[in-house]
There are 2 protein chains.
Amino acid sequence: MNIGFASKKSGLPSKTIRYYEDIDLIKPARAANGYRNYSEQDIHSLTFLHRARDLGFSVEECRLLLSLYNDKNRSSSEVKSLALNKVATIEKKIIELTSMKEMLTRLATDCHGDNRPDCPILDEIAGEVLVS
Amino acid sequence: MNIGFASKKSGLPSKTIRYYEDIDLIKPARAANGYRNYSEQDIHSLTFLHRARDLGFSVEECRLLLSLYNDKNRSSSEVKSLALNKVATIEKKIIELTSMKEMLTRLATDCHGDNRPDCPILDEIAGEVLVS
DNA sequence: TTAATCCTTCCAGTTACTGGAAGGTCAAGG
DNA sequence: CCTTGACCTTCCAGTAACTGGAAGGATTAA
């Protein structure tokens, strides 16, 4: 099947699918006219990639996951440790975003938000008084 | 003062300070030898930028915040709405990350993580069974 | 004088796509 | 048979916000 259909099946934009080929993630066959021709297995891989990306894995991590998926001698511990590392990274990011959010919320609460120029938000960004 | 000192004062790497000049955020004076020469006011702006970036504002938003900071006719409501929009964006991101984290945690819990190849994580990424 | 540590500019690379141009192919309708 | 529209192809450039490194000039201390 050609790229438009592969896109619909996998949920990835055609542009992204071509990009994945560019970086050697999936190489489809070619039809006589030069069009890409995706097998069921290819679609499977594309869907796998789509889901792994949605779970927060980088493209390089997805490459590894895909190779592990196709490696019948893999150790599940390798996959698990990838997943747990990702969880840790995500947790760190959540903590960081939460603290940013709390700070901004406090600043916004302090600001009356009308047409006058005095603004605690700017004052605090400018001043020494930022407390997280 | 030259860029190394400005870097120490503002907490921004010299590279970043030069980059901010490149994109017209802050233009310091130049000494006779061609070195950048930062005034106290420049340092103030750099510190402002550093903090606003840390709060999650994009560089373009920082440009706007800096211009508002220097605009004595500003309305505080404009600043407040920037802050509240940012809070909303951050909240969305946190929700997204939290759902990724929960999913990965569940997958990792289901995986025994030893030297055998069978792995529920890969199975679920590959299969139709992803439930968020 | 020389070595270390600044500073300068400029070019390239990062991540993961996305947009767009220029042009080939295919299926359907008139 | 021709045209039109929707596909497909490749290639080039741009995004965000830096970061690294090369090549070379300036300053300072020993």
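Chain A is the first sequence line, chain B the second, and so forth, proteins listed ahead of strands; every chain is numbered from 1.
- As judged by a 4.0 angstrom heavy-atom cut-off over every strand, A/R53 is placed among residues touching the sugar-phosphate backbone only.
- Using a 4.0 Å heavy-atom cutoff across all strands shown, A/I3 reaches sugar-phosphate atoms only and no base atom.
- Counting only heavy atoms from C-beta on, A/Y20 has its side chain closest to C/dC17 among D/dC18, D/dC8, C/dC17.
- B/D54 has its CG atom 14 Å from the C1' atom of D/dC18, to the nearest Å.
- The CD1-C1' distance, from A/I23 to C/dT15, rounds to 10 Å in whole Å.
- Closest to the side chain of B/T16, out of D/dT19, D/dG25, D/dT10, is D/dT19.
- Atom NZ of B/K101 has 12 or fewer heavy atoms from other residues, nucleotides or ligands within 6.0 Å.
- Residue B/R30 places at least one side-chain N or O under 4.0 Å from the OP1 or OP2 atom of C/dT9.
- Atom CG of A/L25 is separated from atom C1' of C/dA16 by 11 Å (rounded to the nearest Å).
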*Steps toward ring pair (Phe, Tyr, Trp, His ring centres under 6.0 Å) verdict (A/Y69, A/F48)*: CA-CA 9 Å; A/Y69 183 63; A/F48 183 98; 4.9 Å; yes
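- Side-chain proximity of B/N33 to the nucleotides D/dT27, C/dT25, C/dT8 is greatest for D/dT27.
- Nucleotide D/dC12 holds its P atom 16 Å from the CZ atom of A/R18, rounded to whole Å.
- Nearest to the side-chain atoms of A/P13 among the listed nucleotides C/dT18, D/dC18, D/dT27 stands C/dT18.
- With C/dT8, D/dT10, D/dA17 as the choices, the nucleotide that has an atom nearest any side-chain atom of B/Y19 turns out to be D/dA17.
- For the residue pair A/S45 and A/D42, no side-chain donor N or O sits within less than 3.5 Å of a side-chain acceptor on the partner.
- Rounded to whole Å, atom P of D/dC7 lies 17 Å from atom CE of A/M1.
- If you check every strand for non-hydrogen atoms under 4.0 Å, B/R36 touches sugar and phosphate atoms only.
- Taking for each of A/K15 and A/S58 the nucleotide of DNA chain C with the nearest heavy atom, the 5'-most of the two is the partner of A/S58.
- Distance B/E21 CD to D/dT19 C1': 17 Å, rounded to the nearest Å.
- A/M100 and B/G56 get closest at one heavy-atom pair: CE-CA, 3.7 Å.
- One interatomic measurement links the two molecules: NZ of B/K93 to C1' of D/dA16, which rounds to 14 Å at whole-angstrom precision.
- Few gaps surround CD on A/E61; more than 12 heavy atoms of other groups in view lie less than 6.0 Å from it.
- The CD1 atom of A/I26 sits 12 Å away from the P atom of C/dC17 (whole-angstrom rounding).
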